[in-house]
Amino acid sequence: MGAVMGTFSSLQTKQRRPSKDIAWWYYQFQRDKIEDELEMTMVCHRPEGLEQLEAQTNFTKRELQVLYRGFKNECPSGVVNEETFKQIYAQFFPHGDASMYAHYLFHAFDTTQTGSVKFEDFVTALSILLRGTVHEKLRWTFNLYDINKDGYINKEEMMDIVKAIYDMMGKYTYPVLKEDTPRQHVDVFFQKMDKNKDGIVTLDEFLESCQEDDNIMRSLQLFQNVM
Amino acid sequence: MAAGVAAWLPFARAAAIGWMPVANCPMPLAPADKNKRQDELIVLNVSGRRFQTWRTTLERYPDTLLGSTEKEFFFNEDTKEYFFDRDPEVFRCVLNFYRTGKLHYPRYECISAYDDELAFYGILPEIIGDCCYEEYKDRKRENAERLMDDNDSENNQESMPSLSFRQTMWRAFENPHTSTLALVFYYVTGFFIAVSVITNVVETVPCGTVPGSKELPCGERYSVAFFCLDTACVMIFTVEYLLRLFAAPSRYRFIRSVMSIIDVVAIMPYYIGLVMTNNEDVSGAFVTLRVFRVFRIFKFSRHSQGLRILGYTLKSCASELGFLLFSLTMAIIIFATVMFYAEKGSSASKFTSIPASFWYTIVTMTTLGYGDMVPKTIAGKIFGSICSLSGVLVIALPVPVIVSNFSRIYHQNQRADKRRAQKKARLARIRVAKTGSSNAYLHSKRNGLLTEAMELMGTPEEGHVGKSTSLAESQHHHLLHCLEKTTGLSYLVDDPLLSVRTSTIKNHEFIDEQMFEQNCMESSMQNYPSTRSPSLSSHPGLTTTCCSRRSKKTTHLPNSNLPATRLRSMQELSTIHIQGSEQPSLTTSRSSLNLKADDGLRPNCKTSQITTAIISIPTPPARSPEGESRPPPASPGPNTNIPSVASNVVKVSAL
């Protein structure tokens, strides 16, 4: 009898997904509950006016429009959190692990340390990187390397950065990455940058050393025409 | 790289500045952005509905139509927009793909239409997002099944003259409807299966008493008769099995198939019984073996599609059945144990052991309740009631799954059958429509010829030019005419009104049969009043023997006997499989038709008299070699008669 009733009811419903069992449905139910709560806490942010941004940055209105469209497409809520930032950046480096470098980048972008990057922060940073003076760019880079933002770069911070950059390359490189290479790289860097050999690099030392190096100067101009 | 992320490329490149101070070597040069355009709006006009998007949006996927330069082919200079003459509804999905990077499949859309659109825009269907992919795949599978069914039924109706004897036999076994012999065999075997099963059953019925002994079953009373019946059945089954074995394309696979195993199991007991002596010990086993004779009933599954569906369902639900069995076993063991210990206390309890309680549990859980074992203690009764309630649940759970599987397979089969039934009607309708159009061509040709003839003769007839044709029609006709000129073949127009044509027309054109005859006869030095005979119209022999001046230019079409075939056959301008057997008088195939015509024709051509029927147009021919009734070829005639004629089993190919 029960079997008959069961069959009638099942014939009514669409015959989809017969293989999903009770556990799956329970899990769905739980997830839905959590998502309902999350809905309330979603943040939406709108940037300041276009004119203001234009005044603050070195971009034209059109460029800002293009940037914002791309930004909004990927982050409809108007802010980027670190996860999304990492995901986006990882798409450009499929072979390696870009998460650490993205992490440092994120913190460099997030000047107010709120944990999320708004469009203004994004555009400000881009303006410096693409349209700024050499001085500004170097300053920004120093800020990137200074992980704990104390005004000095020490060897550990530099090791982290260099390792993060090497991580982006991935495992399958030629020549194969040796254990020692990041350390050597950092030593070379410090040799160049640390003028008074005290083990830390200050902003002035950094600026001075970079301006002496032609390679660096040239490469800083590389991305002038990106936008 | 995902679509939208391409917009973040400037950011990624800018972030690369962070590597510069660390780098030891100089950086490579950046690629110059030569074609640096400002981002502009593109207007895409799809069947009148205008979509607008940024150029860069479309360029996210450069290997599609919209993303590459291929769209320039659709650019309309006057309106400065891209015009696509396609479905705007599906285009919405396509454009959303560019915008969001996810391709969705709308449920209301037909799967083939959607696939066509995707193919047009150069988008792979595999990109369809997870949200819609399952639905898409389901629909695609259904469609593929439908196509396979169509192909199968098409293949079945094709006449394959080049099958070997073995292959024909196999086909006859698998599809009894292909020939009458197969059908007879099918019914005979079915009958004998039934006879065999009935004998097995009746054998055991007590058949009245022989005076002086107890009641005997029929099997022992009329043992000889039953033995003869059994022998006959087994003979038939053996012959059938051996024939199938012979005809099977892969004998090894056939032997392993389920049906052949059933066949073997059905006939083995008899042979074993023959071989074995009447030894007392072995005859016990022999009796057991006779049980296997009941498997003959499974041979009916070849005859019944429903049985096959049921078997297939059970096979495909094996996992659900296994789960049902497992859960039932678990529940039985639990409840049997509980009942045993609950009833242990009561005196004279039937629950002597746990296995003994199994019987009670099974009977209770399946709600049978025989009542031969009943709990007496209160605890026993409580647990017994819980047992029966849970039994209902446990059984009811997997059963709907099995039922839904069965229903799906059954409906699939129904759909296939329905499609096959509808297909005949559909094809007939299509053919009528097509013949209408080709008729139009021949009408116009006839009219054209008429006017030409009139001009030739200089006699103004009634100005009977026929209905005026549209530009498209006339262009189509011109095309067909060009084709004729190209190939040197011609369509036939049977119209006696054109008998006035003179033989001044030398080119190979759409001519009428009479002209054809005339030419033939001229070339063979026969000069008889032109008549029209159906037999003359189709014959390769005539071509080669009579029409020497034609033979160079004529080419033989692959399937029909060319160059001159009848009006009816040439009215199919494309290959159509004509099926059906509504007209028993037209059961002969076209090739045999032609063949007969051929036979009847040669003497006509060579002998000094035309013995074939002298036919006047409106009436059917008095005599024709095939005994076929010739429909009146007046203009409305062929239209109505085509369906009937075309119901031959014919494969006709176009020029």
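Residue numbers begin at 1 in each chain, while the letters A, B, ... track the order of the sequences. Every value quoted in this text rests on a predicted model; they were computed, and no experiment measured them.
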Under 4.5 Å from a heavy atom of chain B, the part of [X] involved:
X: A:Met168; answer: side chain
X: A:Phe93; answer: side chain
X: A:Phe109; answer: side chain
X: A:Tyr68; answer: neither

Would the number of heavy atoms belonging to other residues, nucleotides or ligands and lying under 6.0 Å from [atom1] of [X] be above 12?
X: A:Lys192; atom1: NZ; result: yes
X: B:Trp54; atom1: CH2; result: yes
X: B:Tyr312; atom1: OH; result: no
X: B:Lys315; atom1: NZ; result: no
X: B:Lys418; atom1: NZ; result: no

Just give me the residue among A:Arg218, A:Met193, A:His185 that pairs up with chain B most often, heavy atom to heavy atom, under 4.5 Å.
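Of A:Arg218, A:Met193, A:His185, A:His185 has the most heavy-atom pairs under 4.5 Å with chain B.
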
Could you report the tightest heavy-atom contact between B:Ala14 and A:Leu126, atom names first, then the distance?
CB-CD2, 3.4 Å

